[in-house]
Amino acid sequence: MKFESSYEPNEIEAEIYAAWEAAKAFQPKIAQYEGTEAETADAFSIVMPPPNANGNLHLGHGLTVAIEDSLTRYYRLKGKSSWYVPGADHAGFETWVVYERALEKVGHSRFEYSRDELYAKVWDFVQQQRGNMELQLRALGTSCAWDDLTFTLDENVVSRVYKTFERMFNDGMVYRGEKLVNYCTKHQTAFADIEVEHKDEDGTLWDIQYGPLVVSTTRPETLFGDTAVAVNPKDARYKDLVGKTVKLPLTDREIPVVADEHADMEYGTGCVKITPAHDYDDFEVGARHNLARIRVIDDAGRMVGCGEPYDGLLALEARQIVLDELKKQGLLVGEKKITHAVAHCYKCGTVIEPTLKEQWFIDVKKLAKEAIKHLEKDEIKFYPEAKKNVLINYLENLKDWNISRQIPWGIAIPMFHKVTEDAEAPEWVFDTRVNLQEIEIGGVKYARDEDTFDTWFSSSHWPIVCTDWLEGKENPYYPLNVMETAGDILFAWVARMIMMGVYVTGEVPFREVYLHGLVLDAHGKKMSKSKGNVINPMEMIAKYGSDAFRLGILRGRSAGINQAFAENSVAAGRNLCNKLWNISRLVQSIVDEEAGEGAYTTENMGEDWICRELNDCREQIERDMKEYRFSEAVETLQTTIWDKYADWFIESQKIYRNASLLKVTLEMILKMLHPFAPFVTEAIWQNLSWTKGMIIAEQWPEALEFDSISAENFERLKEVVTEVRTTYAALPGSYKNKKFGLLYGDDSLVDDNSLLIQKMSGAPTINTTNGQPRGIRLALANHEIYLDAPEEVVKDYKEALTERILAVGRELDALNARMMNPRYVEKAPAELVKETRDGIEEKTKLIERLKGELEVI
RNA sequence: GGAUCUUUAGCUCAGCUGGCUAGAGCGUACGAUUCACAUUCGUAAGGUCGCUGGUUCGAGCCCAGCAAGAUCCACCA
């Protein structure tokens, strides 16, 4: 690496990352189950929400990593044994969809193969595609413990999931039930409620004559599965019909009329057809009235058991024929256009067919109740705070969780059902020999359940499996310090991790939750492939550098809010990196000339001042990191490095050099920026002549010693310099920005720092007035300084001076108005009132002085 | 239908427990410039803090209502 005149990230990032990995810099200091008690109190742990093993990273991952890695690096510098566990997701259904599509492209169907064959094929498919994601995490500078990478199908994950499942089974929390499930006829699998997308759609509500009654329905084709008509028990119109039967159109069946609250007297005719096998409400009604469940649509979405000409038709095709037939028979008595919510498969958009299936369900009542108990005790702190109650509300209304999926790519459900006739033996047995299709226990044969687990069932174990939590062993890394993830998987993932963590370990799985919002495009719209507004983080890194990307994506972002991605923030990040690079080059060149061995001391106001500012910056970052205010931390660093360190301190050091202080302050800045911009800070650290080792392994800086009165005096000096610059820029007409020399009266601050004032304000000369002031007197700074301008310019400056008097007058008026209010003086804190009084005094004096100047002119 | 969030400069956003003249980045205007940096330096312009009330000595911030936008949840035939 060379200190070139600009920072070129692409040339050195890979090299630096490789050096970190080679030095094992990402591994935690304390091994699990080993440290002393005092040491384990100093552990920091965080796990990565596992990106899809065979996918590419998107901007959301970029944000996740920028946040998580900044936290990890910060706490590492703070001396904690930081463990950032990376992961890779087999992404059950997601991957399966991609694979199935590929299979279809070459003219094959999943139904040609056994589960084991398919599993092996997808495994190979994933292995081929794998690796990109991990390379991209490295490009982002992720300081995660690669040795501990957890894949969601790893042995320890599967065995832990089986353990939990077995325990739940024995605890009676798992049951096999025939219920209606959300079923996608395209993918031929069931979904959890959470995986279904509801969309408002236009539909038709048809009125159909059922004997003496008229029912309203949006799904006439399901009438073959009707086993009753329901009316409201309070509905006087149909009172006499309850208990009687009516003839089901297009069939020979008679079905009963039942009284049930489900029927809304206000809606339609007040009569509802009941199809327990194909509608959630009807299922409930059927259960209450002991009605039969007749399936008329099969797993492929085709009509079944309805006779000719319906059988074999898709439900939608059958609907039209049913309508035609009803019309012909004069039974279709009305239709109305309506808008209603329709459930769709979140992946392919196919309308979800509620289907009667035997599946494994988890009774979530106990799990949710326990989780709520811990949440209400505030054992987990949420960022943003409001999400806690949103989560509790969700848990309170949670329904039983269907965990069976009819896809081969996933963790096999370790259950076998009895095939030999034996009344004594249980119907189902738990067994982990899922590689066998059939097992024998005590002479009884059992066949494997061909389903796999819902991915969220296994991923709810993520904090447990990533930290290798074990029964009865102290684990310094569990619970995690923080769970960082996207706000939109609060229910699907965070809720389930909490329930499972509490169930398995008795403790909440993490102490804090930080939820980030979506990364939207520049105009605040959701990014999607179909809109073509997707930005690839790797392109940003190639263009601006990894640090710039991280700084840029953290800018302007706060917990839980969906925010636009601004490429110019990334450019700003790159500029900051380059600025720091050049600051370092200059500091190095001064150190080369001045040596600066030994401890630092402060020797002038500017030096005291920068110490104060750096200390403030350090404290600010500590506060920000505690509260997860990354944007503020980055902004504070930007201001401190650029506006304070470079623009004032470094400029002053061009005149008064203090190499030992330059060294210590630059080191402090590098360490403070390191969590957010790891590459450039490490690159500079490696380039500086006096630093040793790697910055990643350094300690967070200590506060600097300084003289606070001297530091405050530097503010006065800054005011003087700024005033000179402003006055130059405000000179009239063609004299604008003409640099006249400076003259100053009897003033020790100016006298002691005349050279600094001259250089920093760009004045060609600076001299004392020798008791003979002339030119333009600087107005606002409380010091006697003049621009040595000729008389004509001074006259023309009159206008600007008048404007200033007016401006100060307006401020004075505002302060006076406040003091005129007796209740302000009475009720406001004394300190504030005093400040106002002082302000009035100061401004009054200033106006007098300005007016005096005006008269002189 | 229920819930949550957002609304501050041209754009994207800060503004932590209410307190003097509301900030940043980018953009804009004017000016500078061999020697750390044009990925630079200096100066400036630009805001009735969505609207209407209320509480308070004092409101961008607290309370109530309204409007617009976004997201999540929900089985309405």
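Letters go in sequence order (proteins before strands), and every chain restarts at 1.
RNA chain B is contacted by both A:P829 and A:C271; A:P829 maps to the nucleotide lying nearer its 5′ end (nearest heavy atom per residue). Map A:K827 and A:S558 each onto its nearest nucleotide of RNA chain B; the residue landing nearer the 5' end is A:S558.
With hydrogens and angles left out, the side-chain atoms of A:S689 and A:Q588 include a donor and acceptor closer than 3.5 Å. Judged purely by distance below 3.5 Å, without hydrogens or angles, the side chains of A:S6 and A:E8 pair a donor atom with an acceptor atom. In the model, A:R623 has a side-chain atom that pairs as donor or acceptor with a side-chain atom of A:Q620 under 3.5 Å. Inspection of the A:K336 and A:T204 side chains reveals no N or O donor paired with an N or O acceptor under 3.5 Å.
Using a 4.0 Å heavy-atom distance criterion, A:T726 is classed as a sugar-phosphate-only contact. A:D282 comes within contact range of no nucleotide atom at all, as no heavy-atom separation falls under 4.0 Å. Within the 4.0 angstrom heavy-atom criterion, only backbone atoms of the sugar-phosphate kind lie near A:N821; the bases stay farther away. A:E651 comes within 4.0 angstrom of a base, heavy atoms only. As judged by a 4.0 angstrom heavy-atom cut-off over every strand, A:E835 is placed among the base-contacting residues.
For A:R496 and A:W401, the positive end sits near the middle of the six-membered ring, less than 6.0 Å away and at most 45° from its axis. The cationic group of A:K644 does not satisfy the cation-pi geometry with A:F649, failing either the under 6.0 Å distance to the six-membered ring centre or the 45° limit from the ring axis.
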Notebook entry, point to check: Could you walk me through whether A:I610 and A:W648 pass the side chain to side chain contact (heavy atoms under 4.5 Å, CB included) check?
Noted result: CA-CA 9 Å; A:I610 198 61; A:W648 290 98; over 6 Å; no
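Checked by atom type and distance alone, the side chain of A:N182 pairs as donor or acceptor with a backbone atom of A:F191 at under 3.5 Å.
A close approach under 4.0 Å does not occur between any side-chain nitrogen or oxygen of A:H523 and OP1 or OP2 of B:C11. Residue A:W642 has no polar side-chain atom (N or O) positioned under 4.0 Å from OP1 or OP2 of B:A24. Residue A:K579 places at least one side-chain N or O closer than 4.0 Å to OP1 or OP2 of B:C41. Considering only side-chain N and O atoms, A:K399 lies under 4.0 angstrom from the phosphate OP1 or OP2 of B:C75. Checking the phosphate oxygens (OP1, OP2) of B:G15, a side-chain nitrogen or oxygen of A:R629 falls inside 4.0 Å. Residue A:R818 places at least one side-chain N or O under 4.0 Å from the OP1 or OP2 atom of B:U21. For the OP1/OP2 pair of B:U43 and a distance below 4.0 Å, the side-chain nitrogens and oxygens of A:R725 include at least one atom meeting the criterion.
Checked options A:V229, A:V246, A:V231; the residue passing with A:V215 is A:V229 (criterion: side-chain contact (heavy atoms from CB on, under 4.5 Å)).
Using a 4.0 Å cutoff on non-hydrogen atoms, the parts of residues 563-577 of chain A near RNA chain B are A:Q563, A:A564, A:N568, A:A572, A:R574, A:N575, ordered by number.
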Item checked: Under the 3.5 Å Watson-Crick or G-U criterion, the dot-bracket string of RNA chain B, with | for inter-strand pairs -> (((((((..((((.....[...)))).((((((....).))))).....(((((..]....))))))))))))....
